[in-house]
There are 2 protein chains.
Amino acid sequence: MRGIARLARELGVSTATVSRALNGNPNVNKATREKVLEAAQRLGYAANQAARSLAQGVTHSVGFMIELDHESTTSTDYFFMGVVEGMQAVLAAHGLDLLVLPCAKSQDNFTFLQRFVSRGAVDGMILAETRRIDRRIELMQSSGIPFVTLGRSDSGGGYSWIDLDFEGVMATAVDRLVGQGHRRIAVTVPSNDANYGTIFAQAYQDSLARHGLAFDEELVFPTRRREDDGGSLVDGLLDRPDPATAIILFYEVTAIGIYRRLAERGLTPGRDLSIIGFRGEESVRFLAPQVTCFHMSLPDLGTAAARALLAQMPLTAPAFSSGVLQRRVPLSLVPGESDGPPASGVR
Amino acid sequence: MRGIARLARELGVSTATVSRALNGNPNVNKATREKVLEAAQRLGYAANQAARSLAQGVTHSVGFMIELDHESTTSTDYFFMGVVEGMQAVLAAHGLDLLVLPCAKSQDNFTFLQRFVSRGAVDGMILAETRRIDRRIELMQSSGIPFVTLGRSDSGGGYSWIDLDFEGVMATAVDRLVGQGHRRIAVTVPSNDANYGTIFAQAYQDSLARHGLAFDEELVFPTRRREDDGGSLVDGLLDRPDPATAIILFYEVTAIGIYRRLAERGLTPGRDLSIIGFRGEESVRFLAPQVTCFHMSLPDLGTAAARALLAQMPLTAPAFSSGVLQRRVPLSLVPGESDGPPASGVR
DNA sequence: TCCTCAATTGTAAGCGCTTACAATCAAAGT
DNA sequence: ACTTTGATTGTAAGCGCTTACAATTGAGGA
């Protein structure tokens, strides 16, 4: 005999009483409860999770599905760890376990998610790297399991998401550059199919429009998260009749290639070409002159996601707030020396 | 009625037959099996995980416990993600789910682990960031659940671990430097309590001894994973009667601070001070001259860990190989220009 | 003294799935 | 024609826990 039954026999009470004592049910004599808890402690007892889930119909755990993809932002340990830290803290405070579920890039992410969801392995789900069109969202909606996405998508109806405030960042960056006198502002966008690329590009267009600046498709450069892409970029920017004087980078690492090529051409970042990075990354912290970029609290992002999820979970949702929550987490500008007024005689 | 019972009724067979069909039990008529599979597919059925685990006494999932610590090695660029990639692939190929379990730094990691283990939430466990003395190992051993650690420890008896080949790296680095003519070789070691610090330091001593070089405690510098620590280091190295001419870095980022300070002193890396980094990190890839360092395949590390675990799991263990597996994953030298013969007139 | 009621505990029916064992049936053997 | 045998399916007993409901007990009230 094992598990709760063993405890029950040991103490001469029924399994029901043990269960109640262990679960904080008020209908247990105080003395009995203590006896049970003591014995549980002594025997190193912990309720079997499968049995518990089966009986309760609830797992007390939420999944965080991530995709293993070198190219993606969320796949850097730093980003991931930071976000998870925030999530974990909030969830743990509500008695929920966070299970990070890594999906291989080669694997179909829809099927992957479906498995966990339809098997009832989690009570809630957080999805990362949302695509512009993402079937996972409809899947989650039809499953009825609470979920939140880290990133917006065009799929599905109203659902909860947390995203970076790309619009705010872009507006701030463009405002700053325009204020410095720039008129030809280029931008890099991610070359993958994550939705943030589209959003970033759109925000760029909108910001230009707000200043009455013309949108030139040739100033939009799809780049990968590799520093090398910075080199050719510089040539593309400058070797044209109407060169750009500033650039906003989605991936900050691109700055490394840019700096290098600028140096080769005898040019100086911040003077001959103004550069603003999106999210400050560690690899770039050491560049001189320091890249002007935006910072954010990664744990806060995780916290926000976890909270949005909790708001939908029957167990924890405060009755009043259970609903769709959509929020853009702001980033704050950290001025460096990589931007400034455009050199008059460009080139 | 739901679950398997629903399917059974729908098809006019017993739940036992459905279960057998779904699980690939050979004692099912081929036609029946197809009928069942078709219906399952059509109705989007997937077995409830809790029920399955309870009945089988097995979860088909393994945990990978990590600790959330921004400061540590692991929180850099792409360590965990790479490792997880390898693990996930191997485990998935054996029908096992990988659950990454993040433990907050503030949380007691022993208790954290104990919860998952004693509740029977996983069939196997992989532990990261092993300490020199690590109670988790005894915990796992007494639990009887198969486990592997990423990193060695002095705790427990014989158990499976996978670790980096610190000894090999150190030997190669020292050999190389000595070959170039260096006699005063310094080293940085991590200032935290993870076991790899001790191992690295020991390997350093051993390698020196092999060359008959004296060990000087003053040439061992505990450093954090911050580039800043490189600066003071340079002064400590050079401003002494008997300056060091080379240094081996545990954290490669330290090179950034070193380069900076060397430049301030008008000195050149590779000429005035030879530098060899341990594991090549993204943040340092861009330094010029390029840092001589070691590279490894992160996924291979994960793969090795997963395999070592599988060898202990009754379901998957090939009868012959179920046992303790201890392996040091080698790294390969990637020569840069940060090392070379010591300048004759040092300083 | 008998009854009511609240506090506490026990009984037993599941939760959804697996699996040992029994049952059925048709093909094959004698 | 009758038994044997293998293939296939059904029956039912759990897996360890929760929980509705019934049972017990003692205190307080009529």
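Below, chains carry the letters A, B, ... as their sequence lines are ordered, and counting in each starts from 1. Keep in mind that the numbers below use all heavy atoms, side chains included, and drop hydrogens, waters and symmetry copies.
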Residue Ser14(B), side-chain atoms from C-beta onward, closest of dT8(D), dG10(D), dC15(C):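 That would be dG10(D).
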Looking at dC17(C), dT9(C), dT8(D), which one has an atom nearest to any side-chain atom of Asn29(A)?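 Output: dT9(C).
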Presence of Thr32(B) side-chain N/O under 4.0 Å of dT8(D) phosphate oxygens OP1/OP2: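 Answer no for this pair, as no side-chain N or O of Thr32(B) is under 4.0 Å from OP1 or OP2.
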Tyr45(A) side chain N/O closer than 4.0 Å to the phosphate oxygens (OP1, OP2) of dG16(D)?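 No, no such contact exists.
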Short N/O separations, protein against nucleotides 19-25 of chain C, under 3.5 angstrom:
none

Once you round it to whole Å, what is the distance between [atom2] of [N] and [atom1] of [X]?
X         : N       : atom1 : atom2 : result
Leu54(B)  : dG14(D) : CG    : C1'   : 9 Å
Leu7(A)   : dC17(D) : CG    : P     : 8 Å
Glu34(B)  : dT8(D)  : CD    : P     : 13 Å
Leu22(A)  : dT18(D) : CG    : P     : 7 Å
Arg119(B) : dC15(D) : CZ    : C1'   : 18 Å
Arg52(A)  : dG16(C) : CZ    : P     : 17 Å
Ile4(B)   : dC17(C) : CD1   : P     : 5 Å
Arg2(A)   : dG14(D) : CZ    : C1'   : 14 Å

Name the nucleic acid region contacted by [X], choosing base, sugar-phosphate or nothing; use a 4.0 angstrom heavy-atom cut-off, strictly under.
X        : result
Gly12(A) : sugar-phosphate
Gly57(B) : nothing
Val18(B) : nothing
Asn48(A) : sugar-phosphate

[X] (side chain) donor-acceptor with [Y] (main chain) under 3.5 angstrom:
X         : Y         : result
Glu85(A)  : Ala104(B) : no
Asn195(A) : Arg152(A) : yes
Gln312(A) : Phe147(A) : yes

Between atom [atom1] of [X] and atom [atom2] of [Y], what is the distance when rounded to the nearest 0.5 Å?
X         : Y         : atom1 : atom2 : result
Leu11(A)  : Arg6(A)   : CG    : CZ    : 10.5 Å
Asp163(A) : Arg328(A) : CG    : CZ    : 8.5 Å
Leu101(A) : Met65(A)  : CG    : CE    : 8.5 Å

Rounded to 10°, tell me the angle between the two end axes of the helix from dT1(C)-dA30(D) to dT30(C)-dA1(D), each built from five pairs.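 End-to-end axis angle for the helix from dT1(C)-dA30(D) to dT30(C)-dA1(D): 60°, rounded to 10°.
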Considering only distance and modelled atom types, tabulate donor-acceptor pairs under 3.5 Å from the side chains of residues 108-116 of chain A, sequence neighbours left out.
{"residue": "Asp108(A)", "atom": "OD2", "partner": "Thr111(A)", "partner atom": "N", "Å": "3.2"}
{"residue": "Asp108(A)", "atom": "OD2", "partner": "Thr111(A)", "partner atom": "OG1", "Å": "2.4"}
{"residue": "Asn109(A)", "atom": "ND2", "partner": "Glu67(A)", "partner atom": "OE2", "Å": "3.1"}
{"residue": "Arg115(A)", "atom": "NH2", "partner": "Asp97(B)", "partner atom": "OD1", "Å": "2.6"}
{"residue": "Arg115(A)", "atom": "NH2", "partner": "Asp97(B)", "partner atom": "OD2", "Å": "3.2"}

Does Ile133(A) have more than 12 heavy atoms from other residues, nucleotides or ligands lying within 6.0 Å of its CD1?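 12 or below, so no.
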Heavy atoms of other groups near Arg42(B) CZ, more than 12 under 6.0 Å: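 Check passes, neighbour count above 12.
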Side-chain contact test, heavy atoms from C-beta onward, threshold under 4.5 Å: evaluate it for Val18(A) versus Glu10(A) and give yes or no.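 No, too far: nothing below the 4.5 Å cut-off.
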